[in-house]
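To start, the structure under review is shown below, and the notes come after it.
All chains are named by letter (A, B, ...) in the order of the sequence lines, taking the proteins before the strands, and each is independently numbered beginning at 1.
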Amino acid sequence: MPIALYNTLTRKVEPFTPVTPGRVRMYTCGLTVYDYGHIGNFRTFVGVDILQRFLQSQGLALDTVMNITDVDDKMIARSNEAGRPLAEYAATYTAAFLEDMASLRILPAQHIVRATDCIPDMVAWIDRLVAAGCAYERDGSVYFRLSSFPAYGRLSGKDIAGLQAGARVDVDEYEKEEARDFVLWKAARPNEPTWPSPWGPGRPGWHIECSVMAEKLLGPTLDLHCGGTDLVFPHHENEIAQVEPLTGVPFVNCWIHMEFLLVNGEKMSKRLGNFFTVRDLTDKGYRPSAIRYLLASVPYRRQLNFTLEGLDQASASLLRLRNFLDRLRNADLPPSGDPNPAIATAREAMLASLADNLNTAEALGAIFELVRTSNIALDRGTLATADREAILETFRQFDEIFQVLTPDEASSEGISDAEVNALMEERAAARAARDFKKADALRQQLESHGILIEDVKNAPARWRRK
RNA sequence: GGCGCGGUAGCCAAGUGGUAAGGCAGAGGUCUGCAAAACCUCUAUUCGUGAGUUCGAUUCUCACCCGCGCCUCCA
C-alpha cells in the first residue's frame, strides 16, 4: 500500500519512499531528562510509535535511534540544586522516562543514545566543521558560522536576514562573529561537568548531539526524522546545517513534526507548569492504555486540547471496543465457509486511512463501524465462525498499530480472581434462590472493586475488570 | 511583524465540488428480576463571518474575526 506522509521540508503530503527499499532509517529527538516527561512530550512519542508500528505492519524493516539529552544547562542547574552528580541525576529521570514509555506501549528505539556517551564523536565532528570553515573558536567555545551555509532557513521557512537583527539574542556572554551564529561547543564554566576538546575543557551544545548521533548510526541520509513541532526551529534547522556541509547529501528526506498537546488552550509545558505526567494520571486512576488511546486518536498534525473529560471519553470508547471483543470471543456462532466481505473492506479502510498521513481518527471510524455492524449481526445471529476469525484478524492488525486493546495490568490493591469467582458463585446461588437483594449487594460489592458483571442467558454470568 | 496549525453538534473529531464518518455524553424504546453489555429511534437544513467563482461550496478564491504555536530553553 503506498504510504503518504506530510514532510515539513516541502510542506506537502508526499509519497514516502525509503532510500533503501524495504528499510527505513529514522531518528527521533528524545527527552531532556531533567524531570519526568509530561504527556505532551509523550504525545510526540506515541505519534512516532504509531508511525513506526504502521511502517512495520507494511512490511518495512526499521532502523531506529532516539537520543536522550543528559547534559545541558537545565540538567546542570537541576542536578546542582539537588546536590547530586549530573550522571546520577540523569540516570534517575532516564529510567523514569523509559518506564513511562513502556507503560504507554511505545516501542523503544533500537539505539537509545545518551549525549554523554557520544562526546568524542561530537568533538571530532565539530573539529571537522572548523576545518571546513563552517565553525570557529572563540574563548574556548566553538560556533557555527551561519554565513557558510546558504540553505539555512529552508526547513523552517525563516528568512536568515531577519534573524540577523538579533533583537532577542544574548551577545553578552559569548563573543560570536554574528549574533545569529549558534554554539557547538561551550567552554567550561565553574561548577559544570566538562569534557576535553581541542579548544579546552567544555561541553557540547544541544543541537550537535542529534546531528552526530543520527549521522553516525543512520547517515548520511535518513528517511525520517521526527520530533515535536517546536523543534523545527532552531533545533532541526541547525541539525541540517551541522551535517550537510560535511556529507554533501541531504541529511533527511522527510521531516515529521508532531503538533502540541494543549491545556486550557495553551501549550502544555514545564515552563507554564500546566502539565500532567503519566504518573499524575495513573494516580488518579486513569489507565495508560486510555492515555495512549487519547493521544493517538487525534491525528498528529492537529493540536490536541487535553482535558480529564477527554480522557474519560477515551476510556469509554476503549471500553466499547473491549466489550465488543469479549462478546465476539464468547459468542456461540454457526459455522460457515466465507467471511462477510464487509469485514475485509473495513480492514482495508482502516489501513488506507493510516497510509494517508496517519489519519488515526478516520482509522478508528472504520473500526467502530465494524463494531456496530458486527454487533448487529451478533444480535441477529447472522455472524458466523469465519466472520469471527476475519474480525479478530482485523482487530489484531488494528492493535498491532494502536496497542490499546490489551487491558492494563490490574492494580495490585485489587482483589484476586479467586476472590471474585467465589463472590460470583455466591451471587449465582442467591439469584437461583431469587434472593435478589443479596445478589445485588454482592454485585455492588464487586463493583466497588472495579469488577463489572454481565448476566448471560443460559450461561454463567461473566465478569471483567474495569 | 514573519512563518505555521486550527475554528464542523453539549464534548472529541473525520471528510468531500454534489448535498455532513465515527466516538463520548443525553432522551425514549427492546432485552433483563433489576442491572450491565448490545441493538433500535432521536440529537448539525448545517460546517467561524462576509463576499466571490460555480448549475451547485463545509470543501476552491479573497477579505475579515477568533484560538494556538514557533521566531535561537522547549516534544
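- Among the heavy atoms of the strands, none lies under 4.0 Å from A/His257.
- Look at A/Phe368 and the base of B/G22; the rings do not stack under the cut-offs of 5.5 Å between centres and 30° between planes.
- Ring-plane geometry between A/His236 and A/Trp255 is classed as tilted, the angle between the planes lying from 30 to 60 degrees on a 0 to 90 degree scale.
- Proximity note for A/Arg434 (side chain, C-beta onward) versus B/G6, B/G69, B/G33: the nearest is B/G33.
- The side chain of A/Arg320 approaches B/A38 more closely than any other nucleotide in the set B/A38, B/C11, B/G69.
- Mapping A/Ser297 and A/Glu454 onto RNA chain B via the closest heavy atom, the residue that lands nearer the 5' end is A/Ser297.
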Legend entry - CA sep, side-chain torsions, deciding dist, call: A/Asn67, A/Thr69, side chain to side chain donor-acceptor pair (under 3.5 Å): CA-CA 6 Å; A/Asn67 70 299; A/Thr69 301; 3.3 Å; yes
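- Along RNA chain B, the nucleotide closest to A/Thr373 and the one closest to A/Pro234 are compared, and the more 5′ of them pairs with A/Thr373.
- When each of B/A75, B/A38, B/C34 is scored by its nearest atom to the side-chain atoms of A/Arg327, the top-ranked nucleotide is B/A38.
- When each of B/A75, B/A13, B/A37 is scored by its nearest atom to the side-chain atoms of A/Pro299, the top-ranked nucleotide is B/A13.
- The shortest distance between the side-chain N/O atoms of A/Asn323 and the OP1/OP2 oxygens of B/A36 is not below 4.0 Å.
- OP1 or OP2 of B/C70 sits under 4.0 Å from a side-chain N or O of A/Lys267.
- A straight line from CZ of A/Phe233 to P of B/C3 spans 15 Å, rounded to a whole angstrom.
- Rounded to a whole angstrom, the distance from the C1' atom of B/G67 to that of B/G26 is 28 Å.
- Donor-acceptor pairing under 3.5 Å, judged by distance alone, is absent between the side chain of A/Asn305 and the base of B/C12.
- Both distances falling under 3.5 Å, in either a Watson-Crick or a G-U wobble arrangement, occur for no nucleotide opposite B/U72.
- Rounded to whole Å, the separation between the P atoms of B/C55 and B/A14 comes to 32 Å.
- Rounded to the nearest Å, the gap between the C1' atom of B/U46 and that of B/C3 is 33 Å.
- Summarising the base pairing, B/G67 is matched to B/C5 through a Watson-Crick or G-U wobble pair whose two defining distances lie under 3.5 Å.
- Regarding A/Met350, its CE atom lies at a distance of 17 Å from the P atom of B/G15, rounded to whole Å.
- Atom pair A/Glu362:CD and B/U16:C1' shows a separation of 11 Å (rounding to whole Å applied).
- A gap of 41 Å separates the P atoms of B/C64 and B/C24, to the nearest Å.
- You won't find any donor-acceptor pair under 3.5 Å spanning the side chain of A/Gln313 and the base of B/C12, going by distance alone.
- By the 30° and 60° cut-offs, the orientation of the rings of A/Phe402 relative to A/Phe398 is parallel.
- Shown here, B/A14 forms no base pair; nothing in the strands shown gives a Watson-Crick or G-U wobble contact with both key distances under 3.5 Å.
- When Watson-Crick and G-U wobble pairs are counted only if both distances are under 3.5 Å, B/U43 pairs with no nucleotide at all.
- Base pairing of B/U61: its partner is B/A51, meeting the Watson-Crick or G-U wobble criterion (both donor-acceptor distances under 3.5 Å).
- Spacing between atom CD1 of A/Ile208 and atom C1' of B/U72 amounts to 16 Å, rounded to whole angstrom units.
- Using a 4.0 Å heavy-atom cutoff across all strands shown, A/Arg443 reaches at least one base atom of the nucleic acid.
- For the pair A/Lys437 NZ and B/C34 P, the interatomic distance rounds to 18 Å; values are reported in whole Å.
- Computed from coordinates, the A/Leu358 CG to B/G15 P distance equals 12 Å when rounded to whole Å.
- B/A38 is paired with B/U30 under the Watson-Crick or G-U wobble criterion, all donor-acceptor distances under 3.5 Å.
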Inset, instruction - Start with the C-alpha gap between A/Ser289 and A/Arg322, add the side-chain angles, then the distance that decides, and say whether side chain to side chain donor-acceptor pair (under 3.5 Å) holds. - result: CA-CA 12 Å; A/Ser289 60; A/Arg322 291 182 186 167; 2.9 Å; yes
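- Separating the C1' atom of B/G33 from that of B/U41 is a span of 26 Å, rounded to the nearest Å.
- Using a 4.0 Å heavy-atom distance criterion, A/Val456 is classed as making no nucleic acid contact.
- Candidate nucleotides B/C39, B/C34, B/C70 were compared by shortest atom distance to the side chain of A/Asp440, and B/C34 ranks first.
- The same atom, C1', is picked in B/G48 and in B/C68; the two are 15 Å apart, to the nearest Å.
- At a cut-off of 3.5 angstrom, counting only N and O atoms as typed in the model, there is a donor on one side and an acceptor on the other between the side-chain of A/Arg431 and the base of B/G33.
- Picking from B/A75, B/C39, B/C68 the nucleotide with the shortest atom distance to the side chain of A/Thr44 gives B/A75.
- When both pairing distances are held under 3.5 Å, B/A21 makes no Watson-Crick or G-U pair with any nucleotide shown.
- Among the atoms of the strands shown, only primed sugar atoms or phosphate atoms (P, OP1, OP2) are found under 4.0 Å from some heavy atom of A/Gly30.
- Minimum atom distance to the side chain of A/Lys74 is reached by B/C73, of the listed B/A75, B/A36, B/C73.
- A distance of about 26 Å separates the P atoms of B/G17 and B/C12, rounded to the whole Å.
- Between A/Tyr34 and A/Lys270 the shortest heavy-atom distance is OH-CD, 3.1 Å.
- The listed nucleotides are B/G23, B/C40, B/G7; the one nearest the side chain of A/Arg302 is B/G7.
- Contact annotation for A/Asn375: backbone-only contact, meaning every heavy-atom pair under 4.0 Å involves sugar-phosphate atoms and none involves a base.
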Inset, instruction - Step by step, work out the salt bridge (Lys or Arg N to Asp or Glu O under 4.0 Å) result for A/Arg53 and A/Asp49. - result: CA-CA 6 Å; A/Arg53 289 175 184 274; A/Asp49 193 53; 2.8 Å; yes
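- Among B/A25, B/C34, B/A75, the nucleotide with an atom closest to any side-chain atom of A/Ala316 is B/A25.
- Here the nucleotide nearest the side chain of A/Thr32, chosen from B/C39, B/A14, B/A75, is B/A75.
- Between the OG atom in A/Ser103 and the CD1 atom in A/Ile291 there is a gap of 7.0 Å [rounded to 0.5 Å].
- The base of B/C68 sits with one of its N or O atoms less than 3.5 Å from a complementary donor or acceptor on the side chain of A/Gln303.
- Backbone-only contact: A/Ser156 has heavy atoms under 4.0 Å from sugar-phosphate atoms and none from a base.
- At a threshold of 4.0 angstrom between heavy atoms, the contacts of A/Gly227 are confined to the sugar-phosphate backbone, with no base atom among them.
- Counting only N and O atoms by type, the side chains of A/Tyr300 and A/Asn357 include a donor and acceptor under 3.5 Å apart.
- A distance of 6.0 Å or more separates the ring centres of A/Phe182 and A/Tyr143.
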